[in-house]
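First the proteins, then the strands, lettered A, B, ... as listed; each starts at 1.
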Protein chains: 2
Amino acid sequence: MRRDIFQAIADPTRRAIIALIALQAMTPNAIADNFNTTRQAVSKHLRILTECELIKQEQQGREIYYSLAIDRMKEVDIWLDQFRKIWEIQFHQLDDVLSTIRQQKNEK
Amino acid sequence: MRRDIFQAIADPTRRAIIALIALQAMTPNAIADNFNTTRQAVSKHLRILTECELIKQEQQGREIYYSLAIDRMKEVDIWLDQFRKIWEIQFHQLDDVLSTIRQQKNEK
DNA sequence: AGTTTGCGAAACCGAATGGTTGCGCATATA
DNA sequence: TATATGCGCAACCATTCGGTTTCGCAAACT
């Protein structure tokens, strides 16, 4: 059972859930109301998101409020960084810098 | 057959391939040499990456060079943007701004 | 011309995925 | 106390996934 953030955000419903609870905590039923799906299906997604520590939960009576652990999203941001560098290089047409990066990579 | 960039980067081998061909075009065999996998397996990954237009190919004799269509990576960057805003808000403790965003969302 | 090499495509397989249904438990409400 | 509600969990199911093996084709060597 592979469980990393990239696999977590691969599913469109899960991305929607993440966006939904990013701003405020919500219960499974409240989340399910926003999509064309059941609470149980949402519950399974929440479990996956919990397993990769992408969300937090807070019990309140018999209700459980889920919210986003937004810091974990930075992992994706960090991963993207390597490509952002290349965008900049291409944008500025710095072909010599590009070959320097290639060289550094080969030296590793 | 769902085929979007998020599903494409969900697989760790595919992420590695993407990083590998980001700087220079490579053939399937050359790519496979970098991992503990076969050319055929790489070929399947390349097909998936092609289907979501994340890579380009250029035939050269009997060899096919694959390279990254880096612009497509920006989609992930754009998606991340909504969370980056929240990072900044939390960092600056701008709780009033946060509730404004919530309000704007509710008005939509 | 004959052989080797690089490749995609198809068939197949076990494992994982996303969903449903049904259950039991705890908390609320009457 | 009896009933309704919110929830996680397990069982089940069809589909997809990632990989291997095999094949056929085209380009490159000998």
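- The separation between A:Ile55 atom CD1 and D:dC7 atom P is 13 Å, rounded to whole Å.
- OP1 or OP2 of D:dC17 sits under 4.0 Å from a side-chain N or O of B:Arg3.
- Ionic pairing of A:Arg84 and A:Asp77 is present here: one or more N-O contacts between side-chain nitrogen and carboxylate oxygen are shorter than 4.0 angstrom.
- Residue B:Ala41 has its side chain nearest to D:dT20 when only D:dT20, C:dG8, C:dT21 are considered.
- Distances shown here put a side-chain N or O of B:His45 below 4.0 Å from the OP1 or OP2 atom of D:dG19.
- A salt bridge does not link B:Lys44 with B:Asp11: every distance from a Lys NZ or Arg NE/NH1/NH2 to an Asp or Glu carboxylate oxygen is 4.0 Å or more.
- If you take CG of B:Asp11 and P of D:dT16, they are 17 Å apart, rounded to a whole angstrom.
- At whole-Å resolution of the value, CD in B:Glu51 and P in C:dG8 are 13 Å apart.
- A salt bridge links B:Asp4 to A:Arg15: one of the charged nitrogens lies within less than 4.0 Å of a carboxylate oxygen.
- Put simply, CD on A:Gln7 is 13 Å from C1' on D:dT16, counting in whole angstrom units.
- Of the side-chain N and O atoms in B:Ser43, none sit less than 4.0 angstrom from OP1 or OP2 of C:dC7.
- Remark: side-chain polar atoms of B:Trp87 are paired, donor with acceptor, to backbone N or O of A:Ile70 under 3.5 angstrom.
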Exercise. Test A:Lys74 against A:Asp81 for salt bridge (Lys or Arg N to Asp or Glu O under 4.0 Å), laying out the working first.
Key: CA-CA 10 Å; A:Lys74 291 182 183 171; A:Asp81 231 37; over 6 Å; no
Are there any protein N/O atoms within less than 3.5 Å of an N/O atom in nucleotides 2-6 of chain C, and if so, which ones and at what distance?
unit_1, atom_1, unit_2, atom_2, d
C:dT5, O2, B:Arg62, NH1, 2.6

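- Rounded to an integer number of Å, the gap from CD of A:Gln59 to C1' of C:dA26 is 9 Å.
- Taking atom NZ on B:Lys44 and atom C1' on D:dC23, their separation rounds to 15 Å, with Å as the unit.
- Taking atom CD1 of residue B:Ile48 and atom P of nucleotide D:dT16, one finds them 13 Å apart after rounding to whole Å.
- For C:dG18, the base has no donor-acceptor partner in the side chain of A:Gln40 [N/O atoms by modelled type, under 3.5 angstrom].
- Counting only residues at least two apart or in different chains, side-chain hydrogen bond (donor to acceptor under 3.5 Å, both in side chains) contacts with residues 52-63 of chain A comprise A:Glu63-A:Tyr65.
- Listed here is the closest heavy atom pair of A:Gln82 and B:Ala19: OE1-CB, 3.7 Å.
- Between A:Ile31 atom CD1 and D:dG8 atom C1' there is a gap of 14 Å when expressed in whole angstrom units.
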